[in-house]
Structures are given as structure tokens and as C-alpha cells.
Amino acid sequence: MISIRSLEADDWAAVREIYAEGIATGQATLETSPPEWDVWDKSHTRELRYVALNDDNEVIGWTALTPVSGRCVYAGVAEVSVYVGSRFRGQKIGDMLLKHLIRQSEMTGYWTLQAGIFPENLASMSLHTRNGFRLIGFRENIGKMNGVWRSVNLLERRSKVVGMD
């Protein structure tokens with residue numbers, strides 16, 4: 001049985017390893033290596049970061065939000081990260097994590113979640129669209145990876161319960 005709880009500093013080694021596995025695919029991020037804990041910790045919303053655990057209490061996936069801006073008018077807008085350990089992909093872990101993150105983000109006042117996903121990452125594109133994200137555009141050749149320009153699809157999910165007034 002899979003459980004989800006808040007990500008804690010002690011989870012960082014496992015979270016970092018899962019992040020590194022995602023980076024190694026070449027389809028998850030333009031990053032070339034995971035940052036150190038203090039850098040990652042400062043850039044992600046503290047109250048909205050979670051890990052999925054298996055029956056052995058092993059961290060098998062994680063999700064977190066990164067604010068899109070420090071300006072108060074964007075306080076309800078954040079970018080989503082969802083990563084699942086390579087041994088656990090295809091088991092709906094990402095779906096469980098994303099659904100949990102969406103519920104919790106709405107409870108804390110987020111009205112828009114966004115994601116930047118490589119067009120080639122069909123699994124992530126499907127995961128996000130199944131959870132209410134829609135393709136709103138793309139950023140052409142936004143960054144280089146190993147000397148090759150990469151484009152990123154932009155997806156957005158507007159809450160149906162927050163920011164409706």
C-alpha cells in the first residue's frame with residue numbers, strides 16, 4: 001500500500017536520487033544534476049512538498065511546488081514537479097502524488113498550477129492532462145541540454161474551487 005506524507009529534510013537523499021534518475025532520462029528537466037538540499041529547500045514551497053512511501057517505508061516518488069514569482073499578485077500560482085523512482089514507474093504513483101498535491105494546493109489557496117514538460121515526455125504529458133492540466137502553448141528552444149536546444153510544452157491547471165470570485 002502506498003502512503004503520502006510531507007517531505008522532510010531527512011528524505012533528501014532518497015528524493016535527490018529519484019531526481020537524479022529523472023535527470024538521467026534526458027526527458028524530465030534541463031537541469032544536469034540535483035542541487036544540494038539547502039538550494040532545493042529554499043526554492044520549493046515548504047508546506048506543499050510530499051513523498052510517496054511503499055510498505056517498506058521507502059521513498060518511491062515525490063512532488064513539490066515552486067512559486068512562479070515573489071510578487072504578491074502571483075501568490076496563488078506555482079509550478080509543479082513530480083518524480084517517481086525508476087523501479088516504480090507505471091504503477092500510478094505519479095497520479096497519486098499529483099492528485100494529492102492538487103487537493104492540498106487548493107486547500108492552501110493556489111488557483112493555478114503550471115508545468116513545463118518536454119513534448120517527448122508522453123508519460124508526463126498524459127499524467128498532467130488526466131489531472132486537469134491543459135496545453136496552453138510552448139517555449140521554443142528555451143534551453144540547451146548537452147548542446148541541443150530543447151522546447152518545453154506549457155501546461156496549466158486552473159482550480160474550479162479557488163480564485164473563482
Take Leu113 and Ser105 through the test side chain to side chain contact (heavy atoms under 4.5 Å, CB included) and record every step on the way to the result.
CA-CA 9 Å; Leu113 299 180; Ser105 70; 3.6 Å; yes
Side chains of Asn153 and Phe118, heavy atoms from C-beta outward: is any pair under 4.5 Å?
no
Given Arg150 and Gln27, is the side chain to side chain donor-acceptor pair (under 3.5 Å) satisfied, shown in steps?
CA-CA 10 Å; Arg150 298 291 302 267; Gln27 299 303 324; 3.1 Å; yes
Would you say the side chain of Gln114 lies within less than 4.5 Å of the side chain of Leu154, judging by non-hydrogen atoms?
no
Quick one: does Thr45's side chain have a donor or acceptor within less than 3.5 Å of a partner on Glu47's backbone?
no
Tell me whether Asn146 at atom CG has more than 12 heavy atoms from other residues, nucleotides or ligands lying less than 6.0 Å away.
no
Here the salt bridge (charged side-chain N to carboxylate O under 4.0 Å, His left out) pairs for residues 13-22, sequence neighbours left out, are Arg16-Glu36
Which residue pairs pass the side chain to side chain donor-acceptor pair (under 3.5 Å) test when at least one of the two sits in residues 93-102, sequence neighbours left out?
Asp95-Lys99, Asp95-Asn131, Lys99-Asn131
Can you list every salt bridge (charged side-chain N to carboxylate O under 4.0 Å, His left out) pair that touches residues 100-115, not counting sequence neighbours?
Glu106-Arg157
Side-chain contact test, heavy atoms from C-beta onward, threshold under 4.5 Å: evaluate it for Thr29 versus Tyr83 and give yes or no.
yes
Using modelled atom types only, decide if a donor and an acceptor are shared between the side chain of Thr63 and the backbone of Ser81 within a distance under 3.5 Å.
yes
Is Met145 reachable from Trp149 through a run of hydrophobic residues whose side-chain heavy atoms are each under 4.5 Å from the next?
no
Got Glu156 and Phe133 here, is their nearest side-chain heavy-atom distance under 4.5 Å?
no
Given the rule that I, L, V, M, F, W and Y join up when any side-chain heavy atoms are under 4.5 Å apart, are Leu98 and Ile60 in one cluster?
yes
What pairs of residues pass the salt bridge (charged side-chain N to carboxylate O under 4.0 Å, His left out) test when at least one of them lies in residues 69-82, not counting sequence neighbours?
none
So do Leu53 and Val59 actually touch side chain to side chain, heavy atoms under 4.5 Å?
yes
Mind listing the closest non-hydrogen atom pair of Glu31 and Ile23 along with its distance?
O-CG2, 3.5 Å
Where Ala52 and Ile93 come nearest, the two heavy atoms and their spacing:
CB-CG2, 3.8 Å
Please report, to 0.1 Å, the donor-acceptor pairs under 3.5 Å made by any side chain of residues 3-10, with sequence neighbours excluded.
from: Arg5; atom 1: NH1; to: Asp11; atom 2: OD2; distance (Å): 2.7
from: Arg5; atom 1: NH2; to: Asp11; atom 2: OD1; distance (Å): 2.9

Compare all side-chain heavy atoms of Leu101 with those of Tyr50 and state whether any distance is below 4.5 angstrom.
yes
Side chain to side chain contact (heavy atoms under 4.5 Å, CB included) between Asp55 and Met1, worked out:
CA-CA 6 Å; Asp55 288 334; Met1 178 140 177; 3.7 Å; yes
Linked, directly or transitively: Ile18 and Val82 (ILVMFWY side chains, under 4.5 Å):
no
Across all chains, not counting sequence neighbours, the ring-ring contact (aromatic ring centres under 6.0 Å, His included) partners of Trp40 are Trp12, Trp37, His44, Trp62
same_hphob_cluster(Phe138, Leu135) at 4.5 Å side-chain heavy-atom cutoff:
no
Do Met125 and Glu120 have side chains that approach each other closer than 4.5 Å (heavy atoms only, starting at C-beta)?
no
Do Val84 and Leu155 belong to the same hydrophobic cluster, where Ile, Leu, Val, Met, Phe, Trp and Tyr are linked whenever their side-chain heavy atoms lie under 4.5 Å apart, directly or via other members?
yes
Between the side chains of Ser126 and Arg130, does any donor sit under 3.5 Å from an acceptor?
yes
How far apart are the closest heavy atoms of Ile117 and Ser124, and which atoms are they?
CD1-OG, 3.5 Å
Non-hydrogen atoms of Pro67 and Ser43 that approach each other most closely
CD-O, 3.6 Å
Between Asn54 and Gln91, is any pair of side-chain heavy atoms under 4.5 Å apart?
no
